[in-house]
Amino acid sequence: MDKGKRLYLIGGTMGVGKTTACQILKRELPDSVFLDGDWCWDMHPFQVTPETKKMVLENIVFLLNQFLHCTAYRNVIFCWVMHEQAIIDEILAGLDEGDWEVRCISLVCGAEELERRLQKDVDAGLRTEDVIPRSLARLGLYECLRTEKIDVSGLTPRQTAEKIEKLGENEKNT
């Protein structure tokens, strides 16, 4: 497999800014592809059952493996809520063996910042009001994960993308 290929698994609760930052990161990193886990979970009515959970995880793992094996991409960016270590572990366990680096990152922020961001989306009609308590309830779960944490409080999506990009650069320089 290509030397220097990198997979970014970027988690965070709803409204923390994963998708927006990853869209920017996709444009900033060379030869990049982006998958949002929500795209594999976009159904109506939204149903969380053992069958749909299994299907979604299998679809995510399949797509990530396809991207990782494709020589056109050096950077594979994936984001999803990933609030439990078991979710991250299941994705990683399903990936094929290969010569690529995996970066597991959680985007976190303070509760007030998260509520402000979500309320802005609710006011714009992008989310429903019930997302605020659901997202706030998950916020503390990220501290327990075996991931690199980036506090995005007060950061723009571009600044968040820059911090993600610099994580890899800092390792190269040490």
Which residues share a side-chain contact (heavy atoms from CB on, under 4.5 Å) with Asp96, sequence neighbours left out: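 Once residues adjacent in sequence are excluded, the partners of Asp96 under the side-chain contact (heavy atoms from CB on, under 4.5 Å) criterion are Asn65, His69.
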side-chain contact (heavy atoms from CB on, under 4.5 Å) against Leu126, all qualifying residues, sequence neighbours excluded: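 Here the qualifying residues are Asp121, Ala124.
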Quick one: does any side-chain atom of [X] pair with a main-chain N or O of [Y] as donor and acceptor, under 3.5 Å?
X      : Y      : value
Tyr8   : Val76  : no
Lys149 : Thr147 : yes
Ser32  : Leu29  : yes
Thr13  : Leu139 : no
Thr49  : Gln47  : no
Thr160 : Thr156 : yes
Lys5   : Gly98  : no
Gln85  : Arg146 : yes

To the nearest 0.5 angstrom, please state how far the [atom1] atom of [X] sits from the [atom2] atom of [Y].
X      : Y      : atom1 : atom2 : answer
Ile24  : Gln159 : CD1   : CD    : 10.0 Å
Leu107 : Asp151 : CG    : CG    : 10.0 Å
Lys18  : Gln23  : NZ    : CD    : 13.0 Å
Ile77  : Glu28  : CD1   : CD    : 10.0 Å
Ile88  : His83  : CD1   : NE2   : 10.5 Å
Arg134 : Ile132 : CZ    : CD1   : 10.5 Å

How far apart are the closest heavy atoms of [X] and [Y], and which atoms are they?
X      : Y      : answer
Ser106 : Tyr142 : OG-CD2, 3.8 Å
Arg117 : Leu155 : NH2-O, 3.3 Å
Leu57  : Trp80  : CD2-CZ3, 3.7 Å
Asp31  : Ala72  : CB-O, 3.4 Å
Gly37  : Ile60  : CA-CD1, 4.2 Å
Cys40  : Leu63  : SG-CD1, 3.9 Å

side-chain contact (heavy atoms from CB on, under 4.5 Å) between Val122 and Thr128, worked out: CA-CA 6 Å; Val122 169; Thr128 57; over 6 Å; no
Option from Leu136, Val108, Val152 for which side-chain contact (heavy atoms from CB on, under 4.5 Å) with Leu114 holds: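 Going through Leu136, Val108, Val152 one by one, the side-chain contact (heavy atoms from CB on, under 4.5 Å) with Leu114 is satisfied by Leu136 alone.
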The single option from Leu9, Ile105, Ile10 passing side-chain contact (heavy atoms from CB on, under 4.5 Å) against Cys79: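 Answer after filtering Leu9, Ile105, Ile10: Ile10.
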CA sep, side-chain torsions, deciding dist, call: Leu25, Glu165, side-chain contact (heavy atoms from CB on, under 4.5 Å): CA-CA 7 Å; Leu25 189 62; Glu165 191 173 358; 4.1 Å; yes
Whether over 12 other heavy atoms sit under 6.0 Å from Glu162 CD: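 Above 12, so yes.
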Crowding at CD, Glu112 (>12 non-hydrogen neighbours, <6.0 Å):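 No - once you tally the heavy atoms of other residues, nucleotides and ligands closer than 6.0 Å, there are 12 at most.
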Worked verdict on Lys54 versus Glu51 for salt bridge (charged side-chain N to carboxylate O under 4.0 Å, His left out): CA-CA 5 Å; Lys54 181 179 183 290; Glu51 180 184 19; over 6 Å; no
Answer whether the closest heavy-atom distance between the side chains of [X] and [Y] falls below 4.5 Å.
X      : Y      : value
Met82  : Ile91  : yes
Trp41  : Lys53  : yes
Arg103 : Glu148 : yes

Partners meeting ring pair (Phe, Tyr, Trp, His ring centres under 6.0 Å) with Phe34 (sequence neighbours left out):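 Expected list: Trp39.
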side-chain contact (heavy atoms from CB on, under 4.5 Å) between Ile150 and Leu167, worked out: CA-CA 10 Å; Ile150 297 176; Leu167 286 175; 3.8 Å; yes
Cys104 vs Leu92, side-chain contact (heavy atoms from CB on, under 4.5 Å): CA-CA, chis, key distance, verdict: CA-CA 10 Å; Cys104 296; Leu92 292 173; 4.2 Å; yes
